[in-house]
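Residue numbers run from 1 in the order of the sequence given. Just so it is clear, the values below take in all heavy atoms, side chains as well, and ignore hydrogens, waters and symmetry mates.
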Amino acid sequence: MNPDEEYVHFQESITSLNRAWRTLCELEKAPSGNAIWSAAYRMVIVEYCKPFTNSQINESKRHKLPAPSLTDEGKKLHARLLDLRNQVMAHSDLSVLDAKVCYDQTAEFPVPLIVQNVLGNLPIVSEVKNQVEAVLDTLYQQEAQYELRFRQRP
C-alpha cells in the first residue's frame, strides 16, 4: 500500500468511528427498543468495525488497521464487537445460533419448531461509546505522525 492509500484509509477509519460516536450520542438520549434504535445500534457496530476489517484497495490489495492499543477489558470488547459484526450484523452465521429443528413425528401435522440461542446481552451503549472514544484518542495521536510525514514530502 502506498502512503497516500494508507492515509486515505486512515482518514476513512476516523470518519467511520466518528459516525459511530455521533450515533451513540443520539442513542444515549433516545428510548431503546424500537426498530429505528435497533437499526442505529447495529450500524454503530458496523461503523466501529470498518477500520479493523479488510478494505479492498484494488484487485490484489487489502488493508485494515491493526488492533488498537487498549486495556484488557477494551481488547475483549473490541473482539466481541468484531464477532458481532462478522457473525450477526453483517453476516448471518448460523453457528452462532446453534439452532435445532424439533417436531413431533407422531403428530398428524408435525409443525417444526426452531430452538436456538438468543443473541441478547449486547454491549451497552455507554460501553461502546467509551470504546469508540478510546480508539479515536489513539488514532488522533497517530494522525500527527501522518501529517508530519506529508510535511516532509518533497
Side-chain angles (χ1 to χ4, degrees), residues 1 4-58 61-104 107 109-147:
M1 168 182 294
D4 289 351
E5 291 168 336
E6 184 179 341
Y7 183 70
V8 169
H9 183 267
F10 183 81
Q11 288 301 324
E12 283 299 311
S13 297
I14 289 174
T15 299
S16 288
L17 289 163
N18 273 303
R19 197 175 298 126
W21 183 82
R22 285 191 310 273
T23 305
L24 287 161
C25 290
E26 293 296 322
L27 289 176
E28 284 182 319
K29 297 183 275 185
S32 64
N34 65 49
I36 299 299
W37 193 97
S38 178
Y41 181 80
R42 288 171 174 263
M43 195 61 208
V44 161
I45 293 173
V46 171
E47 289 291 344
Y48 173 84
C49 293
K50 277 184 184 179
F52 310 107
T53 55
N54 280 325
S55 175
Q56 192 79 34
I57 296 166
N58 60 40
K61 288 186 194 175
R62 294 173 186 250
H63 182 68
K64 64 181 177 179
L65 290 183
S69 177
L70 299 165
T71 65
D72 288 343
E73 286 300 311
K75 288 175 186 175
K76 287 178 188 174
L77 181 56
H78 179 78
R80 187 170 176 212
L81 292 170
L82 284 171
D83 286 344
L84 282 169
R85 182 256 178 217
N86 293 337
Q87 297 174 334
V88 179
M89 307 299 173
H91 303 282
S92 184
D93 288 1
L94 296 179
S95 63
V96 175
L97 297 177
D98 191 26
K100 306 285 187 255
V101 177
C102 304
Y103 58 94
D104 183 356
F109 300 103
V111 177
L113 172 68
I114 298 174
V115 179
Q116 68 185 32
N117 292 329
V118 175
L119 300 174
N121 298 327
L122 296 173
I124 60 173
V125 168
S126 60
E127 284 180 334
V128 179
K129 184 179 173 193
N130 291 339
Q131 181 82 356
V132 169
E133 289 172 350
V135 172
L136 278 169
D137 287 345
T138 301
L139 293 182
Y140 287 140
Q141 291 172 4
Q142 294 173 4
E143 189 173 31
Q145 296 168 356
Y146 279 102
E147 291 173 1

**Student:** With a 4.5 Å heavy-atom cut-off, do K64 and T53 have their side chains touching?
**Tutor:**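 The answer is no, as the side chains (C-beta and beyond) never meet within the 4.5 Å cut-off.
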
**Student:** What heavy-atom pair brings P51 and H9 nearest, and what distance separates the two atoms?
**Tutor:**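 Result for this residue pair: O-CE1, 3.7 Å.
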
**Student:** With rounding to the nearest 0.5 Å, note down the distance linking CD1 in I45 to CG in L82.
**Tutor:**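 If I round to the nearest 0.5 Å, the distance is 10.5 Å.
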
**Student:** How long is the gap from OG1 on T71 to NZ on K76, to the nearest 0.5 Å?
**Tutor:**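 Rounded to the nearest 0.5 Å, the OG1-NZ separation comes to 9.5 Å.
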
**Student:** Test of understanding: with side-chain hydrogen bond (donor to acceptor under 3.5 Å, both in side chains), list the residues that count as partners of E143, not counting sequence neighbours.
**Tutor:**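 Here the qualifying residues are Q11.
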
**Student:** Does a side-chain heavy-atom distance below 4.5 Å link L139 with L65?
**Tutor:**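 Side-chain contact under 4.5 Å: yes.
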
**Student:** Please round to the nearest 0.5 Å and tell me the distance separating atom CZ of R19 and atom CE of M43.
**Tutor:**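 Output value for this atom pair is 7.0 Å.
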
**Student:** If you draw a 6.0 Å radius around CD1 in I36, do more than 12 non-hydrogen atoms from other residues or ligands fall strictly inside?
**Tutor:**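 No.
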
**Student:** Is it true that a side-chain atom of T138 and a backbone atom of A134 form a donor plus acceptor pair closer than 3.5 Å?
**Tutor:**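 Checking the backbone N and O of A134 against the side chain of T138, a donor-acceptor pair under 3.5 Å is found.
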
**Student:** Do Q131 and L70 have side chains that get closer than 4.5 Å, going by heavy atoms?
**Tutor:**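 Yes, their side chains come closer than 4.5 Å.
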
**Student:** Taking E133's backbone N and O only, do any of them form a donor-acceptor pair with W21's side chain (distance below 3.5 Å, no angle check)?
**Tutor:**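 It does not hold such a pair.
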
**Student:** At what distance, to the nearest 0.5 angstrom, does NE2 of H63 lie from OG of S13?
**Tutor:**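 Output value for this atom pair is 7.0 Å.
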
**Student:** To the nearest 0.5 Å, tell me how far Y48 OH sits from L77 CG.
**Tutor:**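 Output value for this atom pair is 6.5 Å.
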
**Student:** Where do V111 and Y103 come nearest, in terms of heavy atoms and distance?
**Tutor:**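 Heavy atoms of V111 and Y103 come nearest at O-CB, 3.5 Å.
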
**Student:** About how many Å separate OG of S38 and CG of L122, when rounded to the nearest 0.5 Å?
**Tutor:**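 Result: 8.0 Å between the selected atoms.
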
**Student:** Find out whether F52 and L81 are in side-chain contact, i.e. whether some heavy atom of one side chain is under 4.5 Å from a heavy atom of the other.
**Tutor:**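 They are not in contact (no side-chain heavy atoms under 4.5 Å apart), so the answer is no.
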
**Student:** Contact between V8 and E5 at the side-chain level, heavy atoms closer than 4.5 Å - yes or no?
**Tutor:**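 No, every pair of side-chain atoms sits at 4.5 Å or beyond.
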
**Student:** Hey, does D104 have a side-chain heavy atom less than 4.5 Å from the side chain of L113?
**Tutor:**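 L113 does not reach D104 side chain to side chain.
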
